[in-house]
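Written out below as structure tokens is the structure these notes cover.
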Amino acid sequence: MHPSDNLKGVSLRFYDTKTASVRDFQPLAEGEVKLYYCGATVQGMPHVGHVRSAIVFDILVRWLEYRGLAVTTVRNVTDIDDKILEKSAKSFAADFEADAHYKPREEWFALAYRFEQEFSLAYEALGVRRPTYEPRATGHITEMHELIEQLIDRGHAYPAADSSGDVYFDVRSYEQYGALTRQKVDDMQDAPDSDPRGKRDPRDFALWKGHKDTDPLTASWPSPWGRGRPGWHLECSAMAGKYLGSAFDIHGGGLDLRFPHHENEMAQSNAAGHGFANYWMHNGMVTYEGEKMSKSIGNTISPEEMLALADARVVRYFLGQAHYRSMLDYRPDSLTEAGAAVERVDTFISNARYRMGAAAEAIAATAVPEAFGTAMDDDLNVPMALAALHETVRLGNASLDQRDDAAAAKALGQVLAMTQVLGLDDAGSNEGSDSSAEHEALDQLIQAQLAERAEARAAKDWARSDAIRDALASAGITVVDSADGARWTLDY
């Protein structure tokens, strides 16, 4: 099947935050999608919200590509920010106490780069593919200056009247300000991103922040308004415009970014005459047993901690299983439940390949089942898609029991297609993969144990048979008996 065939007769529909409605998706250019979603402000280790958002938009990209669309994805890195500078400054303090994640006397740019690498490692471990491009804010100062000048020329921005060197967006100059979150200016909170003394309105937000003597000189750049650094909101508008053009298809990010970040992005870009994003998509937050995660009350779990508790594929399954717009609630048994779900899928794949022997090598991912496709087309409904995945696994297992190899082969091809779309195949090392050298070596050792167990069972030496099975179980290896012989799987 040609990839474009996947799009024939298909109606993709996504929830657009701006219109608060599910809209039919029509790319601005036929056959192409341009997507920007907010990446990390690299001030510390990745948290679970960052990773969930990345997985959501990774699944979106995979599904758009499955439907035959060419996708250009841009995910930014905010590598200059108040919090980055604050944490770097603290590392130079005499009473600084280093911990596992922060180092003494670390310059802001070194701190940002180190944590950027940590994000990359987390994304890679969880199977989040690299975007088409991942620009850093500090590499786009020229584009930011151009955007500020456009806004000043159009009467939507102004340099502060004091000597601060700040430049602000004039929120009252733009009648549509508040359109994304459907708020009135007078009802909004004050913008806390800079000293309010030079503002015309406390809600005006900083486009450019004048350099302060307390900040390192390396964290500033020359500009028509004096040395300084960009405001957070300005960065994304400049980078999105640079690589996706003045108008593009989708802007995404976490629900917590809607205001003020995305509201301000949209306002400054539209006010400068750019169409900007045609659709806005936001993923929900992650909670801990129904409550907002907070370090102060100790109810947090990080991706790093999750990966210590479970296989990367299990963590990816858990973080991607809820509808992207809903809250995802973590409980202490969440990874156990996700592990059981992944194991059911893996056991079917393993058993089907074992039954078919060498013929299994020719079975590749095929078309996804209709129910899966319908679910994904309808606002990326992953919970319904997972229901289709597990129903296909159930039918495939029934086919194996009935020795209907043709039906089992069809189910196997569909399951492989679905796991690819969901990104499960790319997460972690996939220790159960028949192609890994580690698996092959382990398989040889275990097969010798299974052969000895088979001999014991043939001799009705049940004590010896059970002892071998128990020894394997203690090593995290489950033995599954079937009409085709014993198979083994690794526990998650």
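The model shown is predicted, which means the values in this text are computed figures rather than measured ones. Start at 1 with the first residue, then count along the sequence.
Between the side chains of D377 and W63, a donor-acceptor pair is found at a separation under 3.5 Å.
Taking E263 as the reference, T181 meet the side-chain hydrogen bond (donor to acceptor under 3.5 Å, both in side chains) condition, with sequence neighbours excluded. Residues passing the side-chain hydrogen bond (donor to acceptor under 3.5 Å, both in side chains) test with D79, sequence neighbours excluded: T138. Partners of D186 according to the salt bridge (Lys or Arg N to Asp or Glu O under 4.0 Å) rule, which considers only residues two or more places apart in sequence or in another chain, are R172. The salt bridge (Lys or Arg N to Asp or Glu O under 4.0 Å) search around R23 returns D16, not counting sequence neighbours. For Y317, there are no ring pair (Phe, Tyr, Trp, His ring centres under 6.0 Å) partners, not counting sequence neighbours. Every salt bridge (Lys or Arg N to Asp or Glu O under 4.0 Å) that E143 has, sequence neighbours left out, goes to K242. Every residue was checked against the side-chain hydrogen bond (donor to acceptor under 3.5 Å, both in side chains) condition with H145, not counting sequence neighbours, and none meets it. With sequence neighbours excluded, no residue forms a salt bridge (Lys or Arg N to Asp or Glu O under 4.0 Å) with K18. Among residues two or more places apart in sequence or in another chain, the ring pair (Phe, Tyr, Trp, His ring centres under 6.0 Å) test is passed with Y324 by none. With sequence neighbours excluded, the residues forming a side-chain hydrogen bond (donor to acceptor under 3.5 Å, both in side chains) with T17 are H282, listed by chain and number.
Under 4.0 Å is where a charged nitrogen must lie from a carboxylate oxygen, and between R136 and E116 at least one such pair does.
A ring-centre distance under 6.0 Å is found for Y330 and F318. Residues F14 and Y279 place their aromatic rings such that the two centres sit no closer than 6.0 Å.
Residue pairs satisfying the ring-ring contact (aromatic ring centres under 6.0 Å, His included) criterion with at least one member in residues 94-113, sequence neighbours excluded, are listed as follows: Y102-F115. Within the structure, salt bridge (charged side-chain N to carboxylate O under 4.0 Å, His left out) contacts touching residues 202-227 (residues at least two apart or in different chains) are D82-K209, D201-R203, D215-R229.
Between E134 and N76 there is no side-chain heavy-atom pair separated by less than 4.5 Å.
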Quiz item: Would H156 and Q150 count as a side-chain hydrogen bond (donor to acceptor under 3.5 Å, both in side chains) if you check the C-alpha gap in whole Å, the side-chain angles of each, and the deciding distance to 0.1 Å?
Solution: CA-CA 9 Å; H156 295 299; Q150 290 172 7; over 6 Å; no
